[in-house]
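Fair warning: this is a prediction, and the values are worked out from it, not measured in the lab. Lettering of chains follows the sequences in order, A, B, ..., and the numbering in each one begins at 1.
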Amino acid sequence: MTAYIEGYVQTNHPLSLRAGFDSLSAVGNLLVDNSGDTMWHRESQLLPSPLRKLRSRARKFADEEIRPLSLKMDLAGHGALGDWDEDSRNLVKLAAKEGFLTDLLPKPFGSASYRALRYLVWAQAIKVEEFCRACGGLNLLLSATHLGAFPIVVSGDLSAIKRFVLPAYKKTKQGDPSIFAFAITEPGAGSDVEEGHGADQYRPRVQAKRDDKNEGWRLNGRKCFISGGDIAETITVFAALEGEGMDSWTCFIVKSGMQGFKVVRNELKMGQRASGASELEFNDVFVPDDHIVGGLRQGWGINRATLNMSRLPVAAMAVGFAQAAVDITQQFVCNTKLGNKRLIDYQEIQLKLAQMIAETSAIRAVLWEKARHFKVRQADSSLCKFHCSDRALEVVNMAMDVIGGQSIVHHNRIEKVFRDVRLTQIYEGTNQINRLAVIEDLQEQLVAGV
Amino acid sequence: MLSEQDLGLMTDEVDRFVERVIRPVIPAAEHQIEQSTVDMLLAEADHAGILGEGDENLGIWGGLHATPQFSISALQSITKASAGLAWIFHQNALKRRIKVELGVSISDFSVSYMGHYGIGGKPLVSYLFGQDKTEADYQYLKDFYDVENNYRLVTGLEGTDLIYIGIDDTIQDDKFNLVWKHKACETNETFPLKDHHGLDDVQVGQIKLSSSGSNLSMDNGLLKDLLFFDSLTIIAITQGVLGVARKAADEYSKIRKQGGKPIIQHAAVQELLSTITATEQSGQLFLDSQAKTRDKLKGLIEANRWRSHWMPQACQAANNAMQIHGGIGYMKDLGIEKVVRDCNTLRVIHGSPFQLALFSEAAEQLEALS
């Protein structure tokens with residue numbers, strides 16, 4: 001392939017960028033990067049050492065293990081309930097052995113290094129972006145378990161962490177994945193369970209009734225769109241106490257083998273299809289008192305804290321999809337010829353590609369800036385979530401425009417990226433709810449500023 | 001020319017046809033329509049005069065007395081049942097026209113008149129304007145229409161016979177021409193697609209020929225007509241799809257509650273709904289403006305310019321409809337996600353927005369020069 005693009009002087013030309021910079025003085029060379037390093041490498045240099053290593057490791061795993069399964073699993077989905085595709089199951093086992101499913105906790109309990117733990121959410125964002133660059137559905141299959149385990153971790157309930165997270169992590173690290181799922185959404189109520197004003201008006205449908213005789217609670221109702229709900233062994237279920245409102249929300253641990261628990265069905269989704277979105281039924285499921293996380297009526301805060309943490313990884317997914325779109329487009333325009341020249345040799349293509357690269361770089365920058373804080377703020381996580389996902393969709397649209405009619409062909413991958421990225425504008429609160437979440441968090445300072 | 005009254009009667013007839021004949025036999029939105037069902041519907045449409053052949057034919061993209069007006073409203077009406085089927089009706093109408101104009105005797109064939117990438121750019125504009133073509137134009141179009149080394153996308157792939165546009169192999173006196181060709185394809189030359197992004201209720205495929213077909217005749221302005229009809233159809237079907245999306249979003253937003261009130265009472269949803277309606281209405285205004293167009297080249301340029309500007313907005317409107325539905329909108333059984341995929345597909349087939357913009361601008365400049 002020609003190393004230079006039409007419309008530009010060759011790299012060895014005296015008027016080229018490279019030749020011009022080469023002629024600079026030592027001071028000039030100090031200030032100007034003329035290495036020609038890839039943007040990926042240049043961005044990696046900004047990362048703290050443990051995250052730089054994680055980024056390389058995640059990319060290698062994504063390229064070697066995730067991408068080869070991507071198209072197949074997109075079409076296969078999860079099939080019938082309980083019929084878990086062998087390749088997909090093996091991928092989860094492999095990721096478990098690599099420590100990608102247990103990195104919410106440090107070694108020896110989990111698999112995160114103590115140094116990386118300082119950047120807990122940033123590390124998740126780095127990993128998720130690389131995984132989504134390869135496949136959104138398989139990323140969700142591997143990542144939703146963190147969402148399920150996080151309420152237990154964030155509750156700080158050491159007893160619950162010891163009894164539910166540590167044994168599951170131990171099993172997982174041995175190559176026998178024990179998956180968690182996070183169950184908040186109820187039929188007809190997605191946004192109400194994600195913001196305070198809506199929750200105040202909402203009458204929760206999944207309710208917990210006291211069973212004094214057996215010292216526990218009976219759960220009844222349904223949860224829907226639960227990522228990984230079909231393969232989870234442990235589900236953090238948020239339910240109101242009988243006769244009370246959302247302020248009584250409590251986080252209960254439900255094990256998949258409990259009597260009365262049933263996975264009703266998996267949804268047939270537009271994208272991210274390698275991971276199931278399940279409807280779960282609780283029919284008088286008995287949950288003992290010691291399966292309550294963080295105490296009675298503590299669920300709302302735990303839920304909000306969990307969403308606070310999970311919205312940044314959703315933003316990271318969007319960045320990963322945007323990067324996938326850039327990569328796919330780059331491949332296409334370098335390998336497709338029209339009128340005896342490559343598409344990349346046309347100025348209109350260069351303009352589109354430059355815009356895509358800029359948008360992707362910009363959303364990664366805002367994500368890293370917000371994710372680097374150890375303590376996550378709602379305004380930061382929400383603005384990242386809606387802005388990154390909105391802009392990523394535009395990048396994918398641009399990619400489809402450039403690839404043109406060929407973009408509708410499944411094996412050309414970009415149409416799948418569109419279907420995958422589209423979900424990031426919806427889950428973890430629609431982007432409209434997330435915009436309002438920014439204002440909710442900043443309301444004191446906004447009003448005080450008048 | 002049809003009177004307004006006749007046109008109204010014909011349009012009502014199509015609406016009845018959609019309700020009585022099409023809707024009862026097509027599957028739910030997410031399933032491909034069997035070819036036998038498509039064949040039956042096309043035969044019924046022929047019987048009802050919605051499709052026809054020859055100069056006196058008043059059906060979709062009909063003969064001497066037809067204007068785009070009826071075709072646009074008929075295709076919009078069919079879109080309410082199935083966007084893919086509307087595209088098939090459009091393609092079938094074009095095939096009938098090709099058959100008559102080229103004097104083709106076969107009845108079942110696929111047709112391909114777009115190249116392997118884009119919309120032909122300035123070289124095709126020059127050709128359509130009858131301007132002098134350069135060696136570079138020749139090389140560009142030769143590659144654009146090279147179906148032996150590139151895959152071409154074909155919507156409504158059916159049968160083994162293919163009628164397609166190629167380029168005449170020789171330049172004589174610095175002139176070259178596009179030529180219609182026929183090929184009875186081998187099985188290794190047509191590739192039906194599975195799981196394509198949108199319009200997936202009907203068959204889409206790719207072709208790549210191992211050898212050239214036989215020449216039928218030089219193009220004598222037929223291509224220009226087809227491209228014009230294509231552009232209007234793409235806008236008409238998209239506009240019809242948006243009508244379906246707006247209705248669904250409107251109904252859902254009145255039922256679904258958030259924060260103790262129907263979501264239609266929230267500003268966030270009102271804004272999304274408003275943009276869907278505005279986009280739908282603006283599409284209709286453009287189609288109305290084109291309804292009586294006779295100058296097909298001028299119409300093609302205007303339609304391509306409009307598509308370039310409007311299709312991204314239409315895709316945004318479709319996405320807004322999905323956003324209003326939230327999680328349920330992302331699930332296949334509701335049909336809204338198909339609206340999004342159909343709009344995306346209509347945005348990129350036969351030219352994506354920036355390609356259409358460049359095409360129209362090239363035409364503007366040529367017109368100014370001439």
Asks: Given the options A:L338, A:N412, A:T430, which has more heavy-atom pairs under 4.5 Å with chain B than any of the others?
Replies: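 Greatest number of close heavy-atom pairs with chain B: A:L338.
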Asks: Surrounding CD of B:E271 (heavy atoms of other residues, nucleotides or ligands, distance under 6.0 Å), is the total greater than 12?
Replies: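 Check fails, neighbour count at 12 or below.
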Asks: Kindly write out the residues that satisfy salt bridge (Lys or Arg N to Asp or Glu O under 4.0 Å) with B:K254, not counting sequence neighbours, or none if the list is empty.
Replies: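 Salt bridge (Lys or Arg N to Asp or Glu O under 4.0 Å) list for B:K254, sorted by chain: B:D250.
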Asks: Specify which of B:H266, B:R152, B:R256 makes the most heavy-atom pairs with chain A at under 4.5 Å.
Replies: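 Winner by heavy-atom pair count: B:R256.
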Asks: Among the options A:V402, A:I403, A:L393, pick out the one with the most heavy-atom pairs lying under 4.5 Å from chain B.
Replies: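 Option with the top pair count is A:V402.
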Asks: Between B:P353, B:A357, B:A268, B:G351, which residue shows the highest count of heavy-atom pairs closer than 4.5 Å to chain A?
Replies: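 The candidate making the most pairs under 4.5 Å is B:P353.
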Asks: Heavy-atom distances under 4.5 Å only: say whether A:I414 touches chain B with side chain, backbone, both or neither.
Replies: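 No part of A:I414 comes within 4.5 Å of chain B.
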Asks: Hey, which of B:V204, B:D137, B:V348, B:L358 has the most heavy atom pairs under 4.5 Å with chain A?
Replies: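 Option with the greatest count: B:V348.
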Asks: Please look at B:K261 and chain A and tell me whether the side chain, the backbone, both or neither of the residue comes under 4.5 angstrom of a heavy atom of that chain.
Replies: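 Neither the backbone nor the side chain of B:K261 comes within 4.5 Å of chain A.
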Asks: Taking atom types as modelled, is there a side-chain donor on A:R422 or B:Q323 under 3.5 Å from an acceptor on the other?
Replies: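 Yes - a donor-acceptor pair under 3.5 Å links their side chains.
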Asks: I'd like to verify something: which residue of B:G198, B:G326, B:A136, B:P312 has the highest number of heavy-atom pairs under 4.5 Å with chain A?
Replies: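 Option with the greatest count: B:G326.
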Asks: Does the side chain of A:I408 come within less than 4.5 Å of B:L153's, by heavy atoms?
Replies: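 Contact flag for B:L153/A:I408 side chains = yes.
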Asks: Is B:I328 close to chain A through its backbone or its side chain, or both, or neither, when contacts mean heavy atoms under 4.5 Å?
Replies: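 Both backbone and side chain.
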Asks: Determine, for B:Y151 and B:K208, whether the Lys NZ or Arg CZ falls below 6.0 Å from the six-membered ring centre while staying within 45 degrees of the axis.
Replies: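 Relative to the ring axis of B:Y151, which defines the angle, B:K208 lies inside both limits.
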Asks: How many angstroms lie between atom CG of B:L94 and atom OG1 of B:T233, to the nearest 0.5 angstrom?
Replies: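 OG1 of B:T233 is found 6.5 Å from CG of B:L94.
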Asks: Looking at B:N319, B:N150, B:L199, which makes the most heavy-atom pairs under 4.5 Å with chain A?
Replies: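 Ranked by contacts with chain A, first place is B:N319.
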Asks: Could you tell me which portion of A:I433 (side chain, backbone, both or neither) has an atom closer than 4.5 angstrom to a non-hydrogen atom of chain B?
Replies: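 Side chain of A:I433 only, per the 4.5 Å heavy-atom cut-off to chain B.
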Asks: Hey, what do you get for SG (B:C343) to CD (B:Q313), rounding to the nearest 0.5 Å?
Replies: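 Going from SG on B:C343 over to CD on B:Q313, the span is 12.5 Å.
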Asks: Between B:V340, B:I349, B:N344, B:L193, which has the largest tally of heavy atom pairs under 4.5 Å with chain A?
Replies: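 Winner by heavy-atom pair count: B:N344.
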Asks: I'd like to know if A:E359 pairs up with A:R391 as an ion pair, taking the criterion as any Lys NZ or Arg NE/NH1/NH2 lying under 4.0 Å from an Asp or Glu carboxylate oxygen.
Replies: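 Looking at A:R391 together with A:E359, the answer is yes, because their closest N to O distance falls below 4.0 Å.
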Asks: Should the pair B:W310 and B:W306 be assigned to parallel (<30°), tilted (30 to 60°) or perpendicular (>60°) ring geometry?
Replies: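 Aromatic pair B:W310/B:W306 classed parallel.
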Asks: Counting only heavy atoms closer than 4.5 Å, note whether B:D146 contacts chain A via side chain, backbone, both or neither.
Replies: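 Neither part; nothing is under 4.5 Å.
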Asks: Quick one: does B:K332's side chain have a donor or acceptor within less than 3.5 Å of a partner on B:K338's backbone?
Replies: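 Side chain of B:K332 to backbone of B:K338, a donor-acceptor pair under 3.5 Å: no, none is there.
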Asks: Between A:R419 and A:D74, is there a side-chain N and carboxylate O pair less than 4.0 Å apart?
Replies: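 A salt bridge links A:R419 with A:D74.
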Asks: Taking side chain as everything from C-beta outward and backbone as N, CA, C, O, which of these in B:I255 sits under 4.5 Å from a heavy atom of chain A? Side chain, backbone, both or neither.
Replies: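 Neither part, no heavy atoms under 4.5 Å.
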Asks: Any non-hydrogen side-chain atom of A:F225 less than 4.5 Å from a side-chain atom of B:M331?
Replies: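 Yes. Closest side-chain heavy atoms under 4.5 Å.
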Asks: With only heavy atoms counted, which part of B:K194 is less than 4.5 Å from chain A, the side chain, the backbone, both or neither?
Replies: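 For B:K194, the contact with chain A is made by the backbone alone.
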Asks: Please state whether the side chain, the backbone, both or neither of A:D200 comes within less than 4.5 Å of a heavy atom of chain B.
Replies: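 It is neither, since no heavy atom gets under 4.5 Å.
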Asks: Answer with side chain, backbone, both or neither: which region of B:M311 has an atom nearer than 4.5 Å to a non-hydrogen atom of chain A?
Replies: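 Contact with chain A: none, neither part.
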Asks: Which residues in residues 347-358 of chain A have any heavy atom closer than 4.5 Å to a heavy atom of chain B?
Replies: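 If one takes a 4.5 Å heavy-atom cut-off, the residues of residues 347-358 of chain A near chain B are A:E348, A:I349, A:K352.
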Asks: Can a salt bridge be assigned to the pair B:D143 and A:K337 using a cut-off of 4.0 Å between side-chain N and carboxylate O?
Replies: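 Between A:K337 and B:D143 there is no salt bridge, as every charged N stays at least 4.0 Å from the carboxylate O atoms.
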Asks: For the pair A:K385 (side chain) and A:G429 (backbone), establish whether a donor and an acceptor sit closer than 3.5 Å, ignoring hydrogens and angles.
Replies: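 Side chain of A:K385 to backbone of A:G429: a pair is present.
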